[in-house]
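All heavy atoms count here, side chains included; hydrogens, waters and symmetry mates do not. None of these values were measured; they are calculated from a predicted model.
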Amino acid sequence: MISVIVAYQVKPAYAEQNKQHIQRFLNDFKELDSSAFQYSVYTKEDQVSFVHHSIYKNEQVQTEVLNVPSFQEFQRLRDESGLNGTHTIEFLTLVGSTDENLI
């Protein structure tokens with residue numbers, strides 16, 4: 001299992017557009033085998049800080065998900081919007097969960 005958290009901030013003028021791009025790739029992700037991964041996106045209270053949490057069954061599933069064209073387009077547009085250096089990527093190790101269906 002691979003669990004990743006990606007966090008970043010966008011400019012306030014780009015926040016709504018970023019949400020639209022996120023919804024586009026999430027809709028495309030629904031066409032994939034959802035038993036092999038989970039992908040959730042959150043905003044913090046400031047509405048410009050985004051947190052993506054993804055869980056993949058394995059590297060092959062991760063590669064498939066991250067290569068969805070709408071996701072790649074989202075990343076390109078987000079990066080071009082002028083991120084402020086807050087972009088972080090963290091890999092997590094599962095200790096335990098109440099979710100029996102967790103990948």
Residue pair His52, Ile5: steps toward the side chain to side chain contact (heavy atoms under 4.5 Å, CB included) verdict: CA-CA 6 Å; His52 296 233; Ile5 292 181; over 6 Å; no
State, without any angle test, whether Gln62 and Asn58 hold a side-chain donor-acceptor pair at a distance under 3.5 Å. no
Is there side-chain contact between His53 and Glu90, with heavy atoms separated by less than 4.5 Å? no
CG-OG distance between Leu26 and Ser40, expressed to the nearest 0.5 angstrom: 8.5 Å
If two hydrophobic side chains count as joined below 4.5 Å and joins carry through other members, does Tyr42 share a cluster with Phe37? no
I want to check something: taking the side chain as every heavy atom from C-beta on, are Thr43 and Lys19 in contact at a cut-off of under 4.5 Å? yes
From NE2 (His21) to OG (Ser70), nearest 0.5 Å: 11.0 Å
Apply the test side-chain hydrogen bond (donor to acceptor under 3.5 Å, both in side chains) to residues Asp79 and Gln75: give CA-CA distance (whole Å), side-chain angles for both, the deciding distance (0.1 Å), then the verdict. CA-CA 6 Å; Asp79 294 351; Gln75 288 185 306; over 6 Å; no
Between Ala36 and Val61, what is the shortest heavy-atom contact and its length? O-CG1, 3.4 Å
To the nearest 0.5 Å, how far apart are CD1 in Ile2 and CD in Glu59? 5.0 Å
First locate atom CD of Gln9, then atom CG of Leu83, and finally report the distance between them rounded to the nearest 0.5 Å. 9.5 Å
Taken in chain and number order and not counting sequence neighbours, the residues that satisfy ring-ring contact (aromatic ring centres under 6.0 Å, His included) with Phe25 are Phe29, Tyr39, Phe71, Phe74
Applying the 4.5 Å side-chain criterion to the ILVMFWY set and letting contacts propagate, would Val68 and Leu77 be lumped into a single cluster? yes
Heavy-atom side-chain proximity of Val65 to Tyr56 below 4.5 angstrom: yes
Under a plain distance cut-off of 3.5 Å, with no hydrogens placed, do Tyr8 and Asn18 share a side-chain donor-acceptor pair? yes
Heavy-atom closest pair (Asp46 atom, Ser49 atom, distance to 0.1 Å) is OD2-OG, 2.7 Å
What is the minimum heavy-atom distance between Pro12 and Val48, and which atoms define it? CA-CG1, 3.7 Å
Please examine the side chains of Ile55 and Met1, heavy atoms only from C-beta on, and report whether any two atoms are closer than 4.5 Å. yes
Could you check whether any side-chain heavy atom of His87 comes within less than 4.5 Å of a side-chain heavy atom of Arg78, counting everything from C-beta outward? yes
Quick one: are Phe50 and Val6 in side-chain contact, heavy atoms under 4.5 Å? no
Give, for atom CD of Gln60 and atom CD of Glu64, the distance between the pair rounded to the nearest 0.5 Å. 7.5 Å
What distance do Gln38 atom CD and Ser54 atom OG have between them, rounded to the nearest 0.5 Å? 10.0 Å
